[in-house]
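Notes follow the structure.
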Amino acid sequence: GEEVAQTPKHLVRGEGQKAKLYCAPIKGHSYVFWYQQVLKNEFKFLISFQNENVFDETGMPKERFSAKCLPNSPCSLEIQATKLEDSAVYFCASSLTQGGKAFFGQGTRLTVV
Amino acid sequence: DAKTTQPPSMDCAEGRAANLPCNHSTISGNEYVYWYRQIHSQGPQYIIHGLKNNETNEMASLIITEDRKSSTLILPHATLRDTAVYYCIVRVWEGSNFGNEKLTFGTGTRLTIIP
C-alpha cells in the first residue's frame with residue numbers, strides 16, 4: 001500500500017495484560033521504526049528494523065517490550081504485562097533503503113487502566 | 001545526533017509567511033536538517049530536508065545559514081491547516097544506508113495560524 005497502516009487505532013488494556021500492536025509498512029520500504037509518544041510533544045525511539053532484522057534496539061525497554069518484522073506479515077510490537085506508564089500513542093514509520101523520508105502511520109493509542 | 005533548539009510556540013496570520021527558526025549550533029558535517037510536523041495527534045508528516053543549500057518543495061522552503069548552525073523553515077502562505085507542531089531534527093548520514101537512521105525529535109514549535 002501507499003501508506004503505513006497501523007492497527008488497532010485504539011487499545012485498552014488492564015494493568016498486567018498483554019498488548020499487541022501491528023504495522024504494515026509501505027510496500028517496498030526496507031526500514032521500519034517504532035516510536036512512543038507519551039506526552040503530546042515527546043517522541044521516544046524504540047526500535048528499528050532492516051527488513052526482518054533488528055537494526056537498532058537502543059530504545060527498547062528490554063524486559064516487557066518485544067518487536068518483530070517477519071516476511072509477508074505486518075510488523076508487530078508486543079508489550080507483556082502492561083503498566084500504567086505504557087499508556088501512549090505508538091507510531092510506526094517506514095522508509096526506503098536510501099531514502100531520506102520516513103513515512104508515519106496514524107498511530108495506535110494504548111490506554112492501560 | 002546534534003541537539004536542536006526551537007521556540008515553544010509561534011503565531012502567524014493566515015495568508016502570511018510563517019518563518020520557523022531552529023538552532024543546531026553543534027551540527028556535524030555529515031548531519032542533515034529535517035523538518036516534520038504533527039497536525040493534531042496524527043502521525044508526523046515529512047516536510048523538507050537539506051544539507052547546506054537552500055531547498056524548496058511544494059510545501060515549504062528551507063534556508064540554512066552558511067555556517068549551518070541554524071535554519072529557518074518558511075511556509076510561504078500559511079493556512080489554517082498548517083496549525084501543527086513543527087519539529088526540526090538533525091539526522092546523520094552514514095554511508096549508503098541513509099534511510100535506516102532514526103529521527104530524534106525535540107519538543108518542537110507549536111505554530112498557530114490565526115484567521
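Chain letters run A, B, ... following the sequence lines, proteins first and then strands; every chain starts at 1.
- Within residues 105-113 of chain A, the residues having any heavy atom under 4.5 Å from a heavy atom of chain B are, by residue number, A/Gly105, A/Gln106, A/Arg109.
- A/Leu11 and A/Tyr90 fall within a single hydrophobic cluster, where Ile, Leu, Val, Met, Phe, Trp and Tyr are joined by side-chain heavy atoms under 4.5 Å apart, directly or via other members.
- Under a hydrophobic-cluster definition in which Ile, Leu, Val, Met, Phe, Trp and Tyr are linked whenever side-chain heavy atoms come within less than 4.5 Å, directly or via other members, A/Val12 and A/Tyr22 are assigned to different clusters.
- Linking Ile, Leu, Val, Met, Phe, Trp and Tyr residues whenever their side-chain heavy atoms come within less than 4.5 Å leaves B/Ile63 and B/Val90 in two separate clusters.
- When heavy atoms are compared at a cutoff of 4.5 Å, A/Gln37 approaches chain B solely by way of its side chain, counted from C-beta outward.
- With hydrogens and angles disregarded, a donor-acceptor distance shorter than 3.5 Å links the side chain of B/Tyr36 to the backbone of A/Ala102.
- Under the 4.5 Å side-chain heavy-atom criterion for Ile, Leu, Val, Met, Phe, Trp and Tyr, A/Leu70 and A/Leu46 are members of distinct hydrophobic clusters.
- The nearest pair of heavy atoms linking B/Pro44 to A/Phe43 is CG-CZ, 3.5 Å.
- For B/Gln45, no part sits under 4.5 Å from any heavy atom of chain A, backbone or side chain.
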Start with the C-alpha gap between A/Phe91 and B/Gln38, add the side-chain angles, then the distance that decides, and say whether side-chain contact (heavy atoms from CB on, under 4.5 Å) holds.
CA-CA 12 Å; A/Phe91 288 101; B/Gln38 186 178 29; 3.6 Å; yes

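- Other residues, nucleotides and ligands place more than 12 heavy atoms under 6.0 Å from the NZ atom of A/Lys62.
- For residues 105-115 of chain B, a heavy-atom distance under 4.5 Å to chain A picks out B/Phe105, B/Gly106, B/Thr107, B/Arg110, given by residue number.
- We find the NZ-NZ distance between A/Lys44 and B/Lys102 to be 11.5 Å, quoted to the nearest 0.5 Å.
- With a 4.5 angstrom heavy-atom cutoff, A/Ser94 does not touch chain B via any of its atoms.
- Criterion: ILVMFWY side-chain heavy atoms under 4.5 Å apart, direct or through other members. Under it, B/Ile74 and B/Leu62 are not part of a common hydrophobic cluster.
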Might you work through the side-chain contact (heavy atoms from CB on, under 4.5 Å) test for A/Tyr35 and B/Leu103, ending with a clear yes or no?
CA-CA 9 Å; A/Tyr35 293 84; B/Leu103 296 163; 3.5 Å; yes

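- Remark: A/Glu63 CD is loosely packed, at most 12 non-hydrogen atoms of other residues, nucleotides or ligands lying under 6.0 Å away.
- Distance check: B/Ile48 CD1 to A/Lys101 NZ gives 10.0 Å after rounding to the nearest 0.5 Å.
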